[in-house]
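Here is the structure we will look at.
The structure displayed is predicted, hence computed values, not measured ones.
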Amino acid sequence: MKIAAAWLDHVETQALCKALMDAGFQALFVGGCVRNAILDAPVADIDLATDARPDVVMGIARGLGFGVVPTGIDHGTVTVLAGDRSIEVTTFRRDVSTDGRRATVAFADDVVEDARRRDLTMNALYATADGRIVDPLGGLPDIIARRVRFVGDAGARIAEDYLRILRFFRFHAWYADAALGMDAEGLAACAAGVDGLDQLSRERVTDEMRKLLSARDPAPALAAMQVSGVLARVLPGADARCVPVLVHVEGDVTARWQRRLAVLGGDRAGLRLSRDEVRDVQAAVDGIGSAQTIAAIAWLHGADVAGDVALARAAVFETAVADWQADVARGVSAKFPVSSVDLAPLAGPALGKRLRALQAKWLQSDLTMGKDDLTR
């Protein structure tokens, strides 16, 4: 089987592959770029695997006039700046030891060894410079069937890096055929290894949850996470039961992980969110059960949060979605009709208190009261 993808025709990338091969080394595309090309999905990053050692890769790349950044040289990875593209080039590796978070690796000469240390069969596919698939472990049938399975023994793969538990569910959300269900061995291994999630940094957990919640339909994966105990470990108190309804009411609306997180609920202390993300998610959580109108929320918190609240309310309370876009637009464009000049001679704290009271009254009116109604 061969893949056809625009990135295969990138001149500088092909030049790097040719230079490696001319020097007697292998140059194989690997991982996400191959997987997504097979699935006809967008490709963001280009990764190459080779039996050339990092110092050799850097020498060859510099000989082509490319920039080189030793981003992970201890683990065999260098980033080659080839024209307008950054390519991560990693030497074939095998794990020497692992502790569930990081691995000590040794360089290898055999692509089969490199494939065996990867997490999922759909990520252990390679392609030559002309697009021919190289499948050391027989993972091609899995990816064609959209079946997410661990490489080899699922428990062993998870024990090497417990982040693979979250990656298992994330890849299921993005790439799996939901009709096949979830791989039983993989799910059982995730449930058995749940204590290992405590070893992971908040940053790594947050990154995986953002990606999972951004999938078109994360509901089946989240339901499996809840049953297996994984969801409770990363988001204590979360409940995934409303997510399928949310996905349905969203329709063609762009998925927002913040909206899905707000509907899940639970304790977000284990996540490393930015200050703005914390503010927006909390505003959405508060808005779901509040009496404030969508227009008022849009005026207070912006269009994104107001849209999140409108759709989340429809999911949580199983109500019809009204013309919420119009309410959001009205709220975003609204101007509070009273200014400090209108309240003269009030000044200082008394003025601030009066303005806040009138603003609350205006918001309660669904932004309909004018200056005369508010100040009379």
Check side chain to side chain contact (heavy atoms under 4.5 Å, CB included) between Asp195 and all other residues, then give those that pass, not counting sequence neighbours.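 Partners of Asp195 by the side chain to side chain contact (heavy atoms under 4.5 Å, CB included) criterion, ordered by chain and then number, come out as Arg233.
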Less than 4.5 Å apart, side chain to side chain, heavy atoms only: is that true for Leu187 and Phe169? yes
Non-hydrogen side-chain atoms of Leu212 and Leu222 separated by less than 4.5 Å: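 Yes. Closest side-chain heavy atoms under 4.5 Å.
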For the student: nearest non-hydrogen atoms of Val247 and Arg216, plus distance: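 So the minimum-distance heavy-atom pair works out to CG1-O, 3.8 Å.
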Can you confirm whether more than 12 heavy atoms, excluding those of Asp130, are under 6.0 Å from its CG atom? yes
What residues form a ring-ring contact (aromatic ring centres under 6.0 Å, His included) with [X], not counting sequence neighbours?
X: Tyr126; answer: none
X: Trp257; answer: none
X: Phe150; answer: Phe168

Salt-bridge criterion met for Arg117 and Glu113 (N-O under 4.0 Å):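 So Arg117 does not pair with Glu113 through a salt bridge.
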Any salt bridge between Arg170 and Asp207, counting N to O under 4.0 Å? no
Name all residues meeting the side chain to side chain donor-acceptor pair (under 3.5 Å) criterion together with Arg259; count only those two or more places apart in sequence or in a different chain, and write none if there are none. Glu250, Asp308
For the side chain to side chain contact (heavy atoms under 4.5 Å, CB included) test, which of Val43, Ile38, Leu48 pairs with Cys33? Val43
Please walk me through it: do Val30 and Arg118 pass side-chain contact (heavy atoms from CB on, under 4.5 Å)? CA-CA 11 Å; Val30 65; Arg118 296 183 180 271; 3.5 Å; yes
Sort and list the pairs that fulfil salt bridge (Lys or Arg N to Asp or Glu O under 4.0 Å) and have at least one residue in residues 331-354, not counting sequence neighbours.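 Checked against salt bridge (Lys or Arg N to Asp or Glu O under 4.0 Å) - neighbours excluded - the pairs reaching residues 331-354 are Asp342-Lys371.
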